[in-house]
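Below: the structure, in structure tokens.
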Amino acid sequence: MGESSSTMFDRSGRIVDGMEPFDELLRGVRADGAGVRRTEIDGTRVLPGLTLYAVASGEISVRGETARAGDILVVQESVAAQGRASVVSGTYEITGAVARRLTAVLPDALVAPGVDGCAEFYATIGMEGPGVVADRLLDWLMVCALKEWFDREHGDGWLGARADVVVGPVLEAMHASPERSWTLALLAKEAGVARTTLAGRFARLVGVPPLTYLTEWRMALAADLLAESSATVASVARRVGYADAFGFSAAFKRVHGFSPSECRTRCAASA
């Protein structure tokens with residue numbers, strides 16, 4: 001996957017440059033800290049989501065996807081798996097509005113093929129060292145698996161649309177500068193096409209009009225900022241492109257169903 005100039009906020013509200021789509025995605029996706037699980041699957045078993053399975057031996061089939069020794073299987077929801085395999089797994093928690101929004105574009109189950117030596121490596125995870133080391137190894141495997149899947153499949157919705165020659169530059173511009181006073185005309189200029197061309201193509205590929213997507217993206221960023229920092233509502237409003245707190249609060253409540261002030265408690269609890 002190519003380099004991206006997209007911008008995100010870190011947990012203290014600072015802008016972080018050079019983050020790719022999956023960096024954004026995984027910002028709120030971390031192993032749950034319950035420890036690496038070494039499991040023997042024999043027959044049919046219900047797999048919880050979001051869970052990563054590194055297959056050390058054997059094979060597992062889930063909804064037409066088969067993971068063999070050395071492969072990684074990622075499931076998004078509780079699904080039935082069939083097969084016989086020895087696996088190392090870790091369950092993930094999704095925290096924050098951005099992570100929840102971005103994981104929505106992933107399939108229920110995906111397989112990232114392994115290479116020589118992967119199966120032997122998986123068999124050693126969790127055998128030595130503190131649990132946090134194994135958790136970070138699983139985080140690394142999750143990043144690798146999702147990046148491999150994206151390079152191969154591209155995905156649906158906004159994630160897949162990033163590869164489009166017209167919509168891609170517009171999405172990148174929105175993600176890089178959510179605080180900018182974007183209009184349909186300015187976004188069309190980024191794409192080098194007419195406004196009507198951008199509007200129709202964007203809605204077809206992403207599922208919503210450009211300015212609707214922009215508002216939803218801004219509100220996801222804002223929810224995370226409110227939950228994770230001590231920034232004022234007015235400060236958060238400016239960071240996501242609103243000149244005054246009143247207009248921002250109205251948009252926030254329209255998207256999330258509750259006010260920015262309420263988000264301090266609700267969003268922090270979910271994070």
Exercise. Tell me, do Ser249 and Ser259 make a side-chain contact under 4.5 Å, heavy atoms counted?
Worked result: no
Problem set entry | Heavy-atom closest contact (Leu138 atom, Gly90 atom, distance) | CD1-CA, 3.6 Å
For this session: For Arg218 and Val240, indicate whether the former's side chain and the latter's backbone hold a donor-acceptor pair under 3.5 Å.
Result: yes
Exercise. When you look at CZ of Phe246, are more than 12 heavy atoms from neighbouring residues, nucleotides or ligands closer to it than 6.0 Å?
Worked result: no
Problem set entry | CA sep, side-chain torsions, deciding dist, call: Val87, Leu73, side-chain contact (heavy atoms from CB on, under 4.5 Å) | CA-CA 10 Å; Val87 302; Leu73 169 69; over 6 Å; no
Seminar exercise, completed: By ring pair (Phe, Tyr, Trp, His ring centres under 6.0 Å), Tyr122 pairs with (sequence neighbours left out) none
Seminar exercise, completed: Output for pair (Phe248 CZ, Met219 CE), nearest 0.5 Å, gives 5.0 Å
For this session: Evaluate whether atom CG of Asp116 has more than 12 neighbouring non-hydrogen atoms of other residues, nucleotides or ligands under 6.0 angstrom away.
Result: no
Problem set entry | Separation between CG of Asp42 and CD of Gln82, rounded to the nearest 0.5 Å | 12.0 Å
Exercise. Any side-chain heavy atom of Leu106 within less than 4.5 Å of one from Trp149?
Worked result: yes
Exercise. Would Met174 and Leu187 count as a side-chain contact (heavy atoms from CB on, under 4.5 Å) if you check the C-alpha gap in whole Å, the side-chain angles of each, and the deciding distance to 0.1 Å?
Worked result: CA-CA 8 Å; Met174 290 180 183; Leu187 292 171; 3.5 Å; yes
Exercise. Taking the side chain from Arg38 and the backbone from Ala123, do they hold a donor-acceptor pair closer than 3.5 Å?
Worked result: yes
Exercise. With under 30° as parallel and over 60° as perpendicular, where do the rings of His175 and Tyr213 fit, or are they tilted in between?
Worked result: parallel
For this session: Any chance you could measure Arg68, atom CZ, to Ser57, atom OG, to the nearest 0.5 Å?
Result: 14.0 Å
For this session: Keeping the roles fixed (side chain from Trp217, backbone from Leu171), state whether a donor-acceptor pair exists under 3.5 Å.
Result: no
Exercise. How far apart are the C-alpha atoms of Val166 and Leu205, what are their side-chain angles, what is the distance that settles it, and do they pass the side-chain contact (heavy atoms from CB on, under 4.5 Å) test?
Worked result: CA-CA 10 Å; Val166 171; Leu205 293 178; over 6 Å; no
